[in-house]
Structures are given as structure tokens and as C-alpha cells.
Amino acid sequence: MTETRSSDCAEAQRRVPRRWKQIDPSRRGVVLAWVAFTLTFGGARLVTWLIQVDTSNLGDVSAGGVHLHHYLWGIVLLAGVAIFGLVDRTPKARAWMGLALGVALALIVDEAALLITLEDVYWQSEGWPSVALAIIVIGIVGTGLVLTRSRSGNNGGSGNSDG
């Protein structure tokens, strides 16, 4: 009985990708995009809150007296990912592009309400659709990653270390 439990435990541990190499190289970019999106969205909300409450000596980024919203940096980064994707499609490049894509999309989605209303409603009730959209993206992509992961014992990992 004890042997059966320990073998079941060992099998369960093999199915859950706990290490980078256990994630199929073709999925690493998507996994990194999801993680980067989640962390960047939270980080952007934190930094903008710190700017608003003015406790950490942070300030807005401006050029010529014009406030540069962080969706601008997301668009620039997204364009860079697209251009780089036309040049290099190796598994390692896809992982890096996934990371950059997640950051770029989070910066854009965080200010979706601004882009929809064309008014700076970040901290107003009209700004909550950005938060709702981000939570929906995090939930749907995270669920999709869990539901579509490989069910084989090695999780599709080829031992390839170039990612």
C-alpha cells in the first residue's frame, strides 16, 4: 500500500512541470507571456498608485510637458516583438518574445479604459474595465495553459536547453 502511494506521488510530481526544462519548448513563450503579463500588470498598478499617493518620490514620465502614458511603451515594445518575430523564430527567441509580449500587452491593457474613453479615467470608476479585462486575460490564458498542457509523463520536455 505504501509503495502504491509513493509511486502515485512520484507520477503526479512528474506530470506537474516544476522546472523550466519540463515545459515543452513550443509553449515556453506563451507561459512566459502569461507570467510577464500578470507581473507587469500588477507592477504597473503599484507604480501608478505610488505616483498618485506621492510617497515614493516617483513621478510621471513626460516629454515637452506632455504626460507619456505607459500604453505608449507597450505599443513600442509590441512593435519590437513583431519585428523581431519576423527575423528569429528559434525556441529561445520565442521565449524572449513571449516575455516581451506579456509585458507589452499588460502595459496596453492596463490603460484600456483610457484608450476606449479617450479620457484619463485610470483611478475613476470608468477605469475599472482595464482591471476587469486584465483579470479576464489572466484567468482565461492561465486556464488554457493548464487545460492544454501535455498529459504525458515527460510533459513534452525534450531536454533541450536552448530556451
Side-chain angles (χ1 to χ4, degrees), residues 15-151 155-156 163:
R15 282 184 288 180
V16 178
R18 297 192 185 268
R19 281 180 240 122
W20 185 245
K21 289 182 181 181
Q22 288 178 303
I23 299 172
D24 186 82
S26 66
R27 293 174 53 90
R28 290 177 185 166
V30 177
V31 171
L32 276 175
W34 178 71
V35 170
F37 180 92
T38 304
L39 295 176
T40 302
F41 180 80
R45 282 278 153 171
L46 176 64
V47 167
T48 53
W49 177 75
L50 289 172
I51 289 170
Q52 184 188 23
V53 296
D54 200 25
T55 60
S56 59
N57 229 8
L58 291 172
D60 290 333
V61 177
S62 299
V66 176
H67 172 70
L68 301 177
H69 289 272
H70 54 271
Y71 74 82
L72 172 68
W73 309 114
I75 292 171
V76 170
L77 186 55
L78 187 61
V81 169
I83 292 167
F84 190 72
L86 294 172
V87 177
D88 192 351
R89 295 186 185 172
T90 63
K92 188 173 186 177
R94 280 197 316 249
W96 283 105
M97 286 187 295
L99 184 68
L101 177 67
V103 170
L105 291 177
L107 293 173
I108 295 168
V109 167
D110 188 43
E111 293 200 306
L114 167 71
L115 294 169
I116 293 167
T117 64
L118 297 179
E119 293 179 20
D120 195 355
V121 294
Y122 196 84
W123 294 110
Q124 299 168 13
S125 60
E126 294 89 354
W128 282 102
S130 297
V131 176
L133 181 59
I135 291 170
I136 290 167
V137 167
I138 292 165
I140 288 175
V141 174
T143 302
L145 286 170
V146 169
L147 293 176
T148 61
R149 71 179 176 90
S150 174
R151 302 267 187 244
N155 283 324

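Excluded from the calculations below are hydrogen atoms, water molecules and symmetry mates; all remaining heavy atoms, backbone and side chain alike, are included.
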Discussion item. I need the Thr40 OG1 to Leu46 CG distance, nearest 0.5 Å.
Written reply: 12.5 Å

Response to the item:
The reported gap from CG in Leu39 to CG in Leu99 (rounded to nearest 0.5 angstrom) is 9.5 Å

Discussion item. Suppose the criterion is side-chain hydrogen bond (donor to acceptor under 3.5 Å, both in side chains): which pairs have a residue in residues 74-85, not counting sequence neighbours?
Written reply: none

Worksheet item: Any donor and acceptor pair, going by atom type alone, linking the side chain of Arg28 with main-chain N or O of Ile23 inside 3.5 Å?
Response: yes

Fill in: salt bridge (Lys or Arg N to Asp or Glu O under 4.0 Å) pairs, two or more places apart, involving residues 118-132
none

Looking at residues at least two apart in the chain, or sitting in another chain, which of them share a side-chain hydrogen bond (donor to acceptor under 3.5 Å, both in side chains) with [X]?
X: Thr117; value: none
X: Asp88; value: Thr90
X: Thr48; value: Tyr122
X: Tyr71; value: none

Partners of [X] by side-chain contact (heavy atoms from CB on, under 4.5 Å), sequence neighbours excluded?
X: Ile116; result: none
X: Val109; result: Phe37, Leu133, Ala134
X: Val131; result: Phe41, Arg45, Trp128, Ile135
X: Val30; result: Leu145

Restricting to non-hydrogen atoms, name the atom on [X] and the atom on [Y] that form the minimum distance, rounded to 0.1 Å.
X: Thr38; Y: Ile138; value: OG1-CG1, 3.6 Å
X: Glu111; Y: His70; value: OE1-N, 3.1 Å
X: Ala112; Y: Ser130; value: N-OG, 3.2 Å
X: Ala113; Y: Gly127; value: CB-CA, 3.7 Å
X: Ala63; Y: Leu68; value: CB-CD1, 3.9 Å

Item to complete: Only one of Ile108, Leu105, Val103, Leu72 passes side chain to side chain contact (heavy atoms under 4.5 Å, CB included) with Leu77; say which it is.
Response: Val103

